[in-house]
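Numbered from 1 within each chain, the chains take letters A, B, ... in sequence-line order. FYI, side chains are in, hydrogens and waters are out, and symmetry mates aren't considered; it's all heavy atoms of this structure.
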Amino acid sequence: MIGLNHYLILGTCLFGIGIYGVLAKRNAVAVLMSIELMLNAVNINFVAVNRFIRPDEVLGQLFAIFVIVVAAAEVAVGLALILSIFRHTKSVNLHDFNLLKW
Amino acid sequence: MSAMIINDLVFVAVAGFTLLSALGMVLSRNLVHSALALILTFLGVAALFFNLGAVFLGLVQILVYAGAIAVLIIFAIMLVMHGDPAQTNRFNPSLGTHLAGAYVAALLTMALSLSIWFSELPQVKGKTVEDAAGMLAQLFMGNYVIAFEAAAVLLLVAVVGAIILARGANQS
């Protein structure tokens with residue numbers, strides 16, 4: 001019988017995969033994609049808790065929509081930043097983004 | 001009873017598909033393949049939303065994530081890619097950093113999964129709401145109207161900021 005635990009564990013596994021991508025990748029676009037994966041895992045948790053604890057309300061779905069809005073804004077600004085940096089350094093390798101380093 | 005078994009089988013299939021696509025996204029060395037696997041992951045999450053009874057949210061997920069954000073990411077990849085595409089998405093060459101990332105991710109996943117698995121979570125076997133979109137609209141325009149307006153302002157600022165960042169501020 002699939003219950004709340006299974007959905008929460010699935011969300012945890014997706015979040016862990018996202019963290020692995022953020023920490024171990026060196027392409028800036030890949031890091032942004034991993035962050036999107038983590039936000040999706042959070043959305044799964046919101047909707048699962050909504051479904052299994054308060055099924056008569058939609059508050060979890062409401063917050064999931066807010067997360068989607070913030071994720072869309074974040075990915076737009078993040079990709080624009082990457083394009084802007086790429087124009088200066090001709091690279092999307094995070095190792096080359098050291099302009100602010102002393 | 002058989003409906004429950006079918007529901008469980010659908011969950012297992014969709015969850016396995018989503019996890020495999022996510023792993024494929026992280027482990028692929030080609031950035032374009034990573035983006036395509038990410039789209040499959042988004043579609044799997046949308047199927048999970050449908051399975052949870054959140055139909056409106058599943059449609060929003062397909063539209064916004066598998067549609068808009070995927071196109072945005074693929075355009076950005078096409079603009080920044082140069083050189084051999086099979087080497088565009090490599091792992092960090094420092095093995096220590098790579099292993100530390102894997103260790104942190106595995107530790108977090110194991111700890112959270114075990115604590116979730118061994119905890120008794122309160123669950124309600126209620127029916128899902130019929131008109132989720134209508135209730136969402138009432139909440140957006142009712143109790144959460146300030147957060148709604150703030151999200152609107154955030155989207156406007158993000159669009160303007162993204163345009164300015166992408167074309168360069170000092171071009172006339």
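When the candidates B/Thr97, B/Leu27, B/Val26 are compared by the number of heavy-atom contacts under 4.5 Å with chain A, B/Val26 comes out ahead. Heavy-atom pairs under 4.5 Å with chain B were tallied for A/Leu10, A/Asn93, A/Asn40, A/Leu37; the largest tally goes to A/Asn40. The greatest number of non-hydrogen atom pairs below 4.5 Å with chain A, out of B/Asn7, B/Val60, B/Leu136, is found for B/Leu136. Counting heavy-atom pairs under 4.5 Å between each of A/Val58, A/Ile82, A/Ile19 and chain B puts A/Val58 at the top. Contact tally against chain B (heavy-atom pairs below 4.5 Å) for A/Pro55, A/Ala48, A/Gly11, A/Gly3: the top residue is A/Pro55. With respect to chain B, the highest number of heavy-atom pairs below 4.5 Å among A/Ile65, A/Leu81, A/Leu32 belongs to A/Ile65. With respect to chain B, the highest number of heavy-atom pairs below 4.5 Å among A/Val92, A/Asn50, A/Ile44 belongs to A/Ile44. For the set A/Ala64, A/Gly21, A/Ala73, the entry with the most heavy-atom pairs within less than 4.5 Å of chain B is A/Ala73.
Contact detail for B/Ser28 and A/Lys25: the closest heavy-atom pair is O-NZ, 3.2 Å. Here the closest non-hydrogen pair linking A/Ala80 and B/Ala162 is CB-O, 3.4 Å. The two residues B/Ala132 and A/Gln61 make their nearest non-hydrogen contact at CB-OE1, 4.1 Å. What you find for B/Ile69 and A/Ala72 is that their closest heavy atoms are CD1-CA, 4.0 Å. When all heavy atoms are compared, the tightest approach of A/Glu57 to B/Met135 is CA-CE, 4.2 Å. Minimum interatomic distance between B/Leu31 and A/Ala30 (heavy atoms only, all atoms of both residues): CD1-CB, 4.1 Å.
Proximity to chain B (any heavy atom under 4.5 Å) is restricted, for A/Phe86, to the side chain, taken from C-beta onward. Contacts between A/Phe63 and chain B at a heavy-atom distance below 4.5 Å involve the side chain alone, from C-beta outward. Of the two parts of B/Leu23, the backbone and the side chain both hold a non-hydrogen atom closer than 4.5 Å to a non-hydrogen atom of chain A. Heavy atoms of A/Leu14 lying under 4.5 Å from chain B belong to its backbone as well as its side chain. B/Ser113 touches chain A through backbone and side chain together, each having a heavy atom under 4.5 Å away. Residue contact with chain A, scored on non-hydrogen atoms closer than 4.5 Å, involves the backbone and the side chain of B/Ala147 alike. With a threshold of 4.5 angstrom between heavy atoms, A/His95 does not approach chain B through any atom at all. With a threshold of 4.5 angstrom between heavy atoms, B/Ile116 approaches chain A through its backbone and through its side chain. Heavy atoms of B/Val64 lying under 4.5 Å from chain A belong exclusively to its side chain.
To the nearest 0.5 Å, atom CZ of residue A/Arg51 and atom CG of residue B/Leu52 are 7.0 Å apart. Annotation: the span from A/Cys13 atom SG to B/Met110 atom CE amounts to 10.5 Å, rounded to 0.5 Å. Atom CZ of B/Arg29 sits about 13.0 Å away from atom CG of A/Asn27, to the nearest 0.5 Å. A distance of 9.0 Å separates CG in B/Leu9 from CD1 in A/Ile2, rounded to the nearest 0.5 Å. B/Leu108 CG to A/Thr12 OG1: the interatomic distance, rounded to the nearest 0.5 Å, is 8.0 Å. To the nearest 0.5 Å, the span separating CD1 on A/Ile9 from CG on B/Leu112 amounts to 10.0 Å.
Pairs passing the ring pair (Phe, Tyr, Trp, His ring centres under 6.0 Å) check and including a residue from residues 10-48 of chain B, sequence neighbours excluded, read A/Tyr7-B/Phe11, B/Phe42-B/Tyr65.
B/Val145 belongs to a hydrophobic cluster whose remaining members, ordered by chain and number, are B/Ile146; membership requires side-chain heavy atoms of ILVMFWY residues under 4.5 Å apart, directly or through intermediates.
When the side chains of ILVMFWY residues are joined at heavy-atom separations under 4.5 Å, either directly or via intervening members, A/Val29 and A/Leu94 end up in a single hydrophobic cluster. Placement of B/Leu43 and B/Leu59 within a single hydrophobic cluster is found when ILVMFWY residues are connected by side-chain heavy-atom separations under 4.5 Å, directly or transitively. If you chain together hydrophobic residues whose side chains sit under 4.5 Å apart, B/Val159 and B/Leu72 never meet in one group. No continuous path of hydrophobic side-chain contacts links A/Leu23 to B/Leu95 [ILVMFWY only; heavy atoms under 4.5 Å]. A single hydrophobic cluster is seen to contain both B/Met81 and B/Leu79, as judged by linkage of ILVMFWY side chains at heavy-atom distances under 4.5 Å, directly or through other members.
Around the CD atom of B/Gln138, the shell of radius 6.0 Å holds no more than 12 heavy atoms that belong to other residues, nucleotides or ligands. Environment of CE in B/Met78: crowded, with over 12 heavy atoms of neighbouring residues, nucleotides or ligands closer than 6.0 Å.
No side-chain heavy atom of A/Asn43 sits under 4.5 Å from any side-chain heavy atom of B/Val45. Looking at B/Phe148 and A/Leu62, their side chains never come closer than 4.5 Å, going by heavy atoms from C-beta outward. The side-chain heavy atoms of A/Glu36 and B/Thr41, taken from C-beta on, include no pair separated by under 4.5 Å. Between A/Leu8 and B/Leu121, the closest side-chain pair of non-hydrogen atoms falls below 4.5 Å. For the pair B/Leu154/A/Val70, a side-chain contact is recorded, criterion being any heavy-atom separation below 4.5 Å from C-beta on. Residues A/Leu59 and B/Leu139 form a side-chain contact, since some pair of their non-hydrogen atoms from C-beta on lies under 4.5 Å apart. Put simply, the side chain of A/Ile17 reaches to within 4.5 Å of the side chain of B/Leu19, judged on heavy atoms. Counting only heavy atoms from C-beta outward, the side chains of B/Val80 and A/Leu83 approach each other to under 4.5 Å.
Centroid-to-centroid, the aromatic rings of A/Phe66 and B/Phe140 come within less than 6.0 Å.
Proximity of a side-chain donor or acceptor of A/Arg87 to a complementary backbone N or O of B/Ala166 within less than 3.5 Å is detected.
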